[in-house]
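Here is the structure we will look at, set down as structure tokens.
Bear in mind that the values here come from a model prediction, so they are computed numbers and not experimental data.
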Amino acid sequence: DRIDNLSNGLLKIGLKSDQNVVLFAETRPEWLMSAFSCFKIKVTVVTLYATLGIDALCFGINQTNAPFLFTTGEQLPKLQKILNKIPNINNIIVFSDILTEKNIRDFKKNCPSSIKVHLLEEVEKIGKESKPITNFKQPVADDLALIMYTSGSTGILPC
């Protein structure tokens with residue numbers, strides 16, 4: 001149910017089949033739920049390790065032209081440093097917890113108006129309370145599901 005609700009919520013806030021999303025987060029249950037929700041609606045997940053540096057992060061985001069980015073409250077200070085260098089990102093979905101509430105408040109306060117910041121729970125709630133969206137593409141076996149960037153993928157290209 002949670003994956004269905006999150007998929008529907010993502011579609012409701014503007015994600016479309018055949019787009020890429022960046023998943024820049026530590027491994028946690030929300031990481032997997034986000035990935036499965038994207039797979040369900042034929043959205044390719046681009047993973048960027050939470051340990052990547054600023055230049056590698058910027059490179060991976062820009063190379064894949066992703067309009068949506070999933071992250072944790074812990075990673076928001078790193079993202080804050082590159083917001084003006086990742087023009088394709090227009091929605092950031094944050095996995096929240098009590099330890100990162102201040103990071104989330106500060107990030108929202110300093111985030112450009114061109115970027116919408118959502119908490120994962122909010123997107124899931126939107127999906128649960130909305131009529132199911134059915135005009136998305138169903139994935140097939142040959143579709144690309146995942147692109148994984150590592151420190152070896154990006155080298156030291158400056159952003």
Side-chain angles (χ1 to χ4, degrees), residues 2-50 52 54 56-97 100-137 139 143-149 159:
R2 293 191 69 192
I3 290 168
D4 288 342
N5 292 337
L6 184 55
S7 295
N8 198 51
L10 290 168
L11 292 166
K12 192 75 174 170
I13 65 171
L15 186 61
K16 295 176 178 37
S17 296
D18 293 320
Q19 288 184 311
N20 294 334
V21 299
V22 171
L23 186 46
F24 172 58
E26 302 82 13
T27 304
R28 53 192 280 175
E30 297 93 339
W31 189 104
L32 194 57
M33 187 173 82
S34 298
F36 283 161
S37 297
C38 290
F39 298 155
K40 177 181 174 162
I41 58 175
K42 196 178 183 262
V43 169
T44 302
V45 174
V46 177
T47 65
L48 294 168
Y49 293 168
L52 288 178
I54 296 291
L57 175 61
C58 191
F59 177 82
I61 292 170
N62 287 332
Q63 188 177 49
T64 59
N65 296 316
F68 279 68
L69 184 143
F70 291 87
T71 194
T72 61
E74 185 177 335
Q75 297 301 328
L76 292 175
K78 194 182 283 189
L79 279 175
Q80 187 73 55
K81 295 176 184 177
I82 63 167
L83 284 178
N84 63 337
K85 297 178 180 181
I86 52 172
N88 292 324
I89 297 294
N90 54 37
N91 282 274
I92 296 176
I93 299 161
V94 182
F95 309 157
S96 62
D97 58 58
T100 60
E101 288 176 354
K102 182 181 181 323
N103 283 2
I104 296 168
R105 278 193 312 274
D106 291 348
F107 185 82
K108 283 183 172 183
K109 185 172 46 175
N110 296 310
C111 193
S113 61
S114 59
I115 299 175
K116 295 178 186 121
V117 180
H118 316 269
L119 297 180
L120 184 76
E121 307 86 62
E122 294 169 347
V123 178
E124 190 177 349
K125 184 177 179 187
I126 289 168
K128 183 177 184 174
E129 294 175 350
S130 300
K131 181 180 176 184
I133 296 174
T134 57
N135 65 339
F136 61 89
K137 293 181 183 176
D143 287 336
L144 180 61
L146 189 68
I147 300 170
M148 297 184 89
Y149 279 85
C159 184

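Within the 4.5 Å cutoff, side-chain heavy atoms of I13 are placed close to those of F68. Using a 4.5 Å heavy-atom threshold, the side chains of L83 and N110 count as separate. Looking at heavy atoms from C-beta onward, L120 lies out of side-chain contact with S96 at the 4.5 angstrom threshold. Annotation: side chain of N20 is not in contact with side chain of N65 (no heavy-atom distance under 4.5 Å). Inter-residue side-chain proximity for I147 and Q63 is flagged as unmet; no heavy-atom pair is nearer than 4.5 Å. The shortest distance between side-chain heavy atoms of N8 and N5 does not fall below 4.5 Å. Between L10 and I93 there is a side-chain heavy-atom pair separated by less than 4.5 Å. Inter-residue side-chain proximity for V94 and F107 is flagged as unmet; no heavy-atom pair is nearer than 4.5 Å.
Other residues, nucleotides and ligands contribute more than 12 heavy atoms inside 6.0 Å of the NZ atom of K78. Around the NZ atom of K108, the shell of radius 6.0 Å holds more than 12 heavy atoms that belong to other residues, nucleotides or ligands.
Looking at K85, its side chain never comes within 3.5 Å of a backbone N or O of N62 through a donor-acceptor pair. Panel note: side chain T71, backbone F24; a donor-acceptor pair is recorded below 3.5 Å.
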Report the C-alpha distance between I89 and L79 in whole Å, list the side-chain angles of each, state the deciding distance to 0.1 Å, and finish with yes or no for side chain to side chain contact (heavy atoms under 4.5 Å, CB included). CA-CA 11 Å; I89 297 294; L79 279 175; over 6 Å; no
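For P29, the side chain to side chain contact (heavy atoms under 4.5 Å, CB included) test picks out no residue, with sequence neighbours left out. Remark: K16 engages Q19 in a side chain to side chain contact (heavy atoms under 4.5 Å, CB included) (not counting sequence neighbours).
Note: E121 CD to L6 CG = 10.5 Å, rounded to the nearest 0.5 Å. In this structure, the separation between CG on N91 and CG on L15 is 8.5 Å, given to the nearest 0.5 Å. A distance of 11.0 Å separates NZ in K12 from CD in E129, rounded to the nearest 0.5 Å.
Screening residues 31-48 for side-chain hydrogen bond (donor to acceptor under 3.5 Å, both in side chains), with sequence neighbours left out, gives D4-K40, D18-K42.
Here the closest heavy-atom approach between residue L76 and residue N103 is recorded as CD1-O, 3.9 Å. Y149 approaches F59 most closely through the heavy-atom pair CE2-CE2, 4.2 Å.
Relative ring orientation between F70 and F95 is described as tilted, the plane-to-plane angle lying within the 30° to 60° band.
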